[in-house]
Engineer: 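Pasting a structure below so you can have a look.
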Amino acid sequence: MSEKISVLISEEDVDKRIEELGKKISEDYAGKTVHLVCVLKGSIFFTCELAKRITVPVTMDFISCSSYGNDTKSSGVVKIAKDLDESIEGKDVIVIEDIIDSGRTLSYLLEILKARKPASLALCTLLDKPERRVKNVTVDYVGFDIPDEFVVGYGLDYAQKYRNLPYVGVVEL
């Protein structure tokens, strides 16, 4: 590692919070099947760990979209690189995200998904940076509110590195 990374949220704290989110989702969706939509690539670790802790039946699909291109700032233009494989019509859908900051990409994505007529549509994120929000996005399940720092680990990357860290860390560039 050439970058210095300090622990922001420990592996134990992440694990405990995911357990709590799984319990809450299981309670909220009692008697139903929940369809998780994992937003690739960053939320794959979170989605898998969360799914293991949800006690109601779970189905899953994946979508990949971006508004960044090759820049570090959002371009405002959202592109879907990989769409869902199955229809979500009539399903109880929870979109799973790794981190929400400006809300631009998710606002656009949620509008697209609403038009596909799910029975319900909720949003769950491991990390939230509410102070960076420029688009109003309602987040139904939040793991942690974090400060405006550049974070890696638990699926989040820096130049495609550090996704596999079992904790959330701050990159000190």
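Model, not experiment: these values are computed from the prediction. One-based numbering along the sequence shown.
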Engineer: Give a yes or no on whether the backbone of Phe45 and the side-chain of Arg163 come within a donor-acceptor separation of less than 3.5 Å.
Structural biologist: no
Engineer: How about Ile5 and Glu172: do any of their side-chain heavy atoms sit closer than 4.5 Å?
Structural biologist: no
Engineer: Check for a donor-acceptor pair, side chain of Lys82 on one end and backbone N or O of Phe62 on the other, with a separation under 3.5 Å.
Structural biologist: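 Pair found, side chain donor or acceptor close to backbone of Phe62.
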Engineer: Counting only N and O atoms by type, is there a donor-acceptor contact under 3.5 Å from the side chain of Ser43 to the main-chain atoms of Ile96?
Structural biologist: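 Present.
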Engineer: For a 4.5 angstrom cut-off between non-hydrogen side-chain atoms, does Val37 reach Ile94?
Structural biologist: no
Engineer: Output the distance between atom CD (Glu49) and atom CG (Leu126), rounded to the nearest 0.5 Å.
Structural biologist: 11.0 Å
Engineer: With heavy-atom distances below 4.5 Å as the criterion, would you say the side chains of Thr59 and Thr33 are in contact?
Structural biologist: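 They are in side-chain contact.
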Engineer: Could you tell me whether Lys24 and Glu27 have a side-chain N and a carboxylate O separated by less than 4.0 Å?
Structural biologist: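 Not counted as a salt bridge, because no side-chain N and carboxylate O are separated by less than 4.0 Å.
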Engineer: Any Lys/Arg nitrogen of Glu20 or Arg53 sitting under 4.0 Å from an Asp/Glu carboxylate oxygen of the other?
Structural biologist: no
Engineer: State whether a side-chain donor-acceptor pair under 3.5 Å links Asp13 with Tyr167.
Structural biologist: no
Engineer: Take Val14 and Glu11 through the side-chain contact (heavy atoms from CB on, under 4.5 Å) test and state the conclusion after the steps.
Structural biologist: CA-CA 5 Å; Val14 170; Glu11 180 177 5; 5.8 Å; no
Engineer: Flag the pair Lys41 and Asp157 as a salt bridge only when some basic side-chain nitrogen lies within less than 4.0 angstrom of an acidic carboxylate oxygen.
Structural biologist: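 A salt bridge is absent here (no side-chain N lies under 4.0 Å from a carboxylate O).
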Engineer: Verify whether one side chain among Tyr162 and Glu3 offers a donor that lies under 3.5 Å from an acceptor in the other.
Structural biologist: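 Glu3 and Tyr162 do have a side-chain donor-acceptor pair below 3.5 Å.
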Engineer: Step through it carefully: locate the ring centre of Phe150, locate the ring centre of Tyr158, and say whether they are under 6.0 Å apart.
Structural biologist: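 Close enough - the centres of the two rings lie under 6.0 Å apart.
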Engineer: Between Asp140 (side chain) and Ala122 (backbone), is there a donor-acceptor pair under 3.5 Å?
Structural biologist: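 No, Asp140 side chain to Ala122 backbone: no donor-acceptor pair under 3.5 Å.
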